[in-house]
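The structure under discussion appears below in the form of structure tokens.
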Amino acid sequence: MSRIKANRMDLTYMRYQDEFEKKALDVLRSGWYILGHELSSFEEEWASYIGTKYCVGLASGLDALWISFRLLGVGEGDEVIVCANAYIACVMGITMNGATPVFVEPDGYDNIDASLIEEKITPKTKAILAVHLYGQCCDMDTIMDIAKRHDLRVVEDCAQSHGNHFNGRRAGTFGDVACFSFYPSKGCGAFGDGGAIVTNDSDLRDRFRTFRNYGSEKRYHFKVVGANSRLDELQAGLLSVKLKHLDELNAERAEIADRYTKGIDHPDITLPRVRPGADSTWHQYVIHTPRRDELMNYLLEKDIDTLIHYPIPPHLSEAYSYLGHKKGDFPITERYADEVLSLPMYNGMTKEDQQYVIDMINAF
Ligand SMILES: Cc1ncc(COP(=O)(O)O)c(C=O)c1O
């Protein structure tokens, strides 16, 4: 048996190789590579899939985040509430605008503990960033209720949540704006960098469109100081192909997750739980164990690769030392950073490989 990798992106490419290659050739031969009909078609398809009125394609998930806060008017002196175990890009999206992240500990589903949000609200709080980590939605009922009562904007980070639901609605349909990354390893992953926002607000949509193109609505007429953040035609075309298969890809991941959940049985391992009323895209299958490093090394010896999402919480990363946090400030988050382990999870993973992972873990 060959080594089992934590993730494989080549298998999905090979599964739909003819469709991807036909689309790539069509775009290459079209002679039009930026802001064309591939992008506008994909934007329509993505908005319709998620269940919002509009989508604006951007260059990355990080761009989607920082531009969202910028256009919602979040800046210097403002505070944004975010889970402390988020990916670093979530925090950068806030701080790139000069705003301050206010961290909240995660719940038993690895997402922000919504019951702890209200105590963090101050007169400076402008927004909540709901990061749907590992493929599962945050408790959006509670978050939207808090936001309404305190007049806060809500940004959803759906980078890892392409198509999952909470109480019958898809991730991305709750907030003022939702941000997506199409980084290759994501559910609807591109073949390079890419991102997008979705929203129901036509004014906001127009401002994103202007901002992503150097702040111009009309060629050489610059309305605001913007950015170059456009999802290119090649990626947009390839994403349209991927999107057609996203539901079947998500269903396959759910089967893998189900097999892990039914098969893994070890007294030192806690398996991921799904919030009542929600489903997961299983972007990652993340277990918790106090013996994480030992398990990781043991699996490595058994030819099984795993990953840690994420080993250093943002408040302890060097980049954010200026915020003045120290070890012990967020004990649940810090414990999670020491005990989470992402098992191999990718489309095209064979049943034999899944069973081998289960057997090796149970024998640990
Ligand atoms: C939760 C989350 N937010 C934001 C990002 C940033 O996306 P990108 O890599 O496209 O900038 C990522 C992934 O990389 C992510 O996982």
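Throughout, residue positions are numbered sequentially from 1 according to the sequence presented. The basis for the numbers below is simple: all heavy atoms, side chains too, and nothing from hydrogens, waters or symmetry mates. Counting starts at 1 for both ligands and their atoms, in listed order.
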(request) Using distance alone, determine whether Y183 and ligand 1 share an N or O pair under 3.5 Å. (result) no

(message) Quick check: L62 and ligand 1, any N/O pair under 3.5 Å apart?
(response) yes

(message) Using a 4.5 Å cut-off between side-chain heavy atoms of Ile, Leu, Val, Met, Phe, Trp and Tyr, which other residues end up in the same hydrophobic cluster as I143?
(response) I81, V102, V104, I112, L116, I117, I121, I128, M140, M144, I146, L152, V154, F166, F174

(request) Report yes or no: is the cationic atom of R70 (NZ for Lys, CZ for Arg) under 6.0 Å from the centre of the six-membered ring of F211, at an angle within 45° of the ring normal? (result) no

(message) Under a 4.0 Å threshold between the charged nitrogen and the carboxylate oxygen, would R275 count as salt-bridged to D107?
(response) yes

(request) May I ask you to check whether Y87 has an N/O atom sitting below 3.5 Å from an N/O atom of ligand 1? (result) no

(message) As an exercise, identify every atom of ligand 1 less than 4.0 angstrom from a heavy atom of G61.
(response) 7 (O), 8 (P), 10 (O), 11 (O)

(request) Give a yes or no on whether a salt bridge exists between D329 and K326, defined as a side-chain N under 4.0 angstrom from a carboxylate O. (result) yes

(request) Return yes when K186 approaches ligand 1 closer than 4.0 angstrom through a heavy atom, no otherwise. (result) yes

(request) Assess D157 for proximity to ligand 1: is some non-hydrogen atom of it under 4.0 Å away? (result) yes

(request) Could you tell me whether E217 and K223 have a side-chain N and a carboxylate O separated by less than 4.0 Å? (result) yes

(message) Residue-level breakdown please: for C90 versus ligand 1, do any non-hydrogen atoms fall below 4.0 Å on the side chain, on the backbone, on both, or on neither?
(response) side chain

Side chains of residues 55-65: which donor-acceptor pairs under 3.5 Å do they make with residues two or more places apart or in other chains?
unit_1, atom_1, unit_2, atom_2, d
S60, OG, L62, N, 3.4
S60, OG, D63, N, 3.0
D63, OD1, W66, NE1, 3.0
D63, OD2, S229, OG, 2.6

(message) I want to know if ligand 1 touches S181 in the polar sense, i.e. an N/O pair below 3.5 angstrom.
(response) yes

